[in-house]
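Only this structure's heavy atoms are used, side chains among them; waters, hydrogens and symmetry mates stay out. Values in this document were obtained by computation on a predicted structure and should not be read as measured data. Lettering of chains follows the sequences in order, A, B, ..., and the numbering in each one begins at 1.
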There are 2 protein chains.
Amino acid sequence: MPTPAAFAATAALLGEPARAAMLQALLGGEALTAGELARIAGIGASAASAHLARLAEGGLVAVHRQGRHRYHRLASEEVAAALEMLGGLTLSVAPRRPWPHGEAFRAARLCYDHLAGRLGVALHAALAGRAWLRPAEGGWETSAEGEAGLAALGVDLAAARRARRLACDCMDWSERRPHLAGGLGREIAACCLRRGWVYRMATRGEDPLARRRLALSPEGARRLEAALDLRLEG
Amino acid sequence: MPTPAAFAATAALLGEPARAAMLQALLGGEALTAGELARIAGIGASAASAHLARLAEGGLVAVHRQGRHRYHRLASEEVAAALEMLGGLTLSVAPRRPWPHGEAFRAARLCYDHLAGRLGVALHAALAGRAWLRPAEGGWETSAEGEAGLAALGVDLAAARRARRLACDCMDWSERRPHLAGGLGREIAACCLRRGWVYRMATRGEDPLARRRLALSPEGARRLEAALDLRLEG
DNA sequence: GGCATGCTTCGCCGCTGCGCGGAGCGGCGC
DNA sequence: GCGCCGCTCCGCGCAGCGGCGAAGCATGCC
């Protein structure tokens, strides 16, 4: 456990409206430029630059320069998990009027780079319940059936294994049960998006939350049910 | 997902050193008076009072007056889970020099009112692995064997069922796997403490973190191994 | 009743830090 | 080369917040 001072320093980075807006936008998993983030946060370029410098210094975002743009993304999935958890806490301690994205968010969304919401939780339960995954040190490992099944779905297992962790739990604030994160969570999400089984409900627009909302296509529902007996009531 | 402003307001409550110190102290699960918290945070009584009022207003702590004392505790286990997760994030983004409690904290500690660390994670794995628990809506439910086994250990199942949630996961920052929270998690911890199977390594002292550290007694190790085949390398 | 204790309220002060505008720097395209 | 664009650095002003001490209120003890 860190010292209170170090803990507070990290929390303070999240506790400022402009930075919070930027981080929430980055939870969509896309890398965004400083200018986009400034517009999202509703502040000028210079203020945004200072905020992003502090977030990078604090290890919460990673920067990647490309030409005259600077692309920012969350530094790790720990950051994403903490943001999700704090978002859930905020909803539970400060029950506000229903937020426009609330219900749709609960069905299916991206949590940084992996699937969350009822879809993500159901997928996690199906993978563990059918023994495609089994508990391992620090998370989960794939079983033989799991490897075969995932490969048949088109998941890039080699890419998943290159991640720092193959598979681990990420707490889902809306379902209060874990969904799958780690390299495998990322690759499953990438596979579903690539094959059109799930798709973003908005690809552009100034609202950063809208881009995180996902919908399951009929094809996707069919394939997931066939492979994993996964059924969503929605 | 909350609005960025609401999210930031909650995070800002955590992002102030004095408040962070108070909240970390409350993670020990004991209710503390305003005066104790002021001393822990190293500030005067009036400043502490203002901070505690804001924490209560924000829904992070609950207050219970008893005579001329005001006892404060964390408002819910969601708060505890978020604090633990942010603590883990802080350690991972700002790897500091080893903190005196670091290693001992990883072995066994209290996370608000339930067991955490290697002990907590091993217990969770043992309960699920031996099918004393099975997945349910919003967390876990007990199986018939589980109820018999837990009752034989001396866990007060009736008290556990009175909680808002019987059993759910709480992410363990040091092990990166879930341990057991909810009413059952609380009662298991209470049972182990009551029977002397685990004990606090410090019951008094100004260091709030020291009180969270737990040790497993030889008797406790024996009983848990007999009942659940639970073995800790330590 | 009288006094000590625990906590809160109030008023004040000082500082941190957020935001802006302007200038500076580097990359890109005509 | 020149101009445009994205981003960063500098200096300024302002506001919010955290800290303290003194006073006020409630509770408990003798």
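With C:dC18, C:dT9, C:dA4 as the candidates, the nucleotide lying closest to the side chain of B:Arg68 is C:dA4.
One can place CD of B:Glu36 at 13 Å from C1' of C:dC7, the figure rounded to the nearest angstrom. Following rounding to the nearest Å, B:Leu37 (CG) and C:dT8 (C1') show an atom-to-atom distance of 15 Å. Regarding B:His69, its NE2 atom lies at a distance of 15 Å from the C1' atom of C:dT8, rounded to whole Å. Atom CE in B:Met22 sits about 12 Å away from atom C1' in C:dC7, given to the nearest Å.
Mapping A:Gly42 and B:Ala47 onto DNA chain C via the closest heavy atom, the residue that lands nearer the 5' end is B:Ala47. Nearest-nucleotide mapping onto DNA chain D: of B:Ile43 and A:His72, the residue sitting toward the 5' end is A:His72. Mapping B:Gly35 and A:Gly67 onto DNA chain C by nearest heavy atom places B:Gly35 closer to the 5' end of the strand.
Considering only side-chain N and O atoms, A:Arg65 lies nowhere under 4.0 angstrom from the phosphate OP1 or OP2 of C:dG27.
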For this session: Could you give me the CA-CA distance, side-chain angles and deciding distance for B:Glu187 and B:Arg162, then say whether salt bridge (charged side-chain N to carboxylate O under 4.0 Å, His left out) is met?
Result: CA-CA 11 Å; B:Glu187 292 305 320; B:Arg162 281 194 292 274; over 6 Å; no
For this session: Quick one: do B:His179 and B:Trp173 satisfy ring-ring contact (aromatic ring centres under 6.0 Å, His included)? Show the steps, please.
Result: CA-CA 10 Å; B:His179 56 245; B:Trp173 58 262; over 10 Å; no
For this session: Could you please spell out the steps behind the side-chain hydrogen bond (donor to acceptor under 3.5 Å, both in side chains) verdict for A:Arg186 and A:His114?
Result: CA-CA 5 Å; A:Arg186 183 190 64 213; A:His114 52 267; over 6 Å; no
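Exactly one residue among B:Arg212, B:Arg200, B:Glu36 makes a side-chain contact (heavy atoms from CB on, under 4.5 Å) with B:Glu30. That residue is B:Arg200. Checking A:Arg109, A:His124, A:Arg177, A:Arg118 one by one against A:Asp172, the side chain to side chain donor-acceptor pair (under 3.5 Å) holds for a single residue, A:Arg109.
Near-neighbour residues of DNA chain C inside residues 54-63 of chain B, defined by a heavy atom below 4.0 Å, are absent.
No more than 12 heavy atoms of other residues, nucleotides or ligands shown are found within 6.0 angstrom of CD on A:Glu57.
Nucleic acid contact for B:Ala45: base, since at least one base atom lies under 4.0 Å from a heavy atom of the residue.
Protein chain A touches strand DNA chain D; the 5'-most and 3'-most nucleotides with an atom under 4.0 angstrom of its non-hydrogen atoms are D:dC4 to D:dC9.
What you find for B:Ala8 and A:Glu16 is that their closest heavy atoms are CB-C, 3.7 Å.
In this structure a side-chain-to-backbone donor-acceptor pair under 3.5 Å is missing from B:Thr90 to A:Pro2.
Within the structure, the side chain to side chain donor-acceptor pair (under 3.5 Å) test picks out no pair touching residues 61-71 of chain B (sequence neighbours left out).
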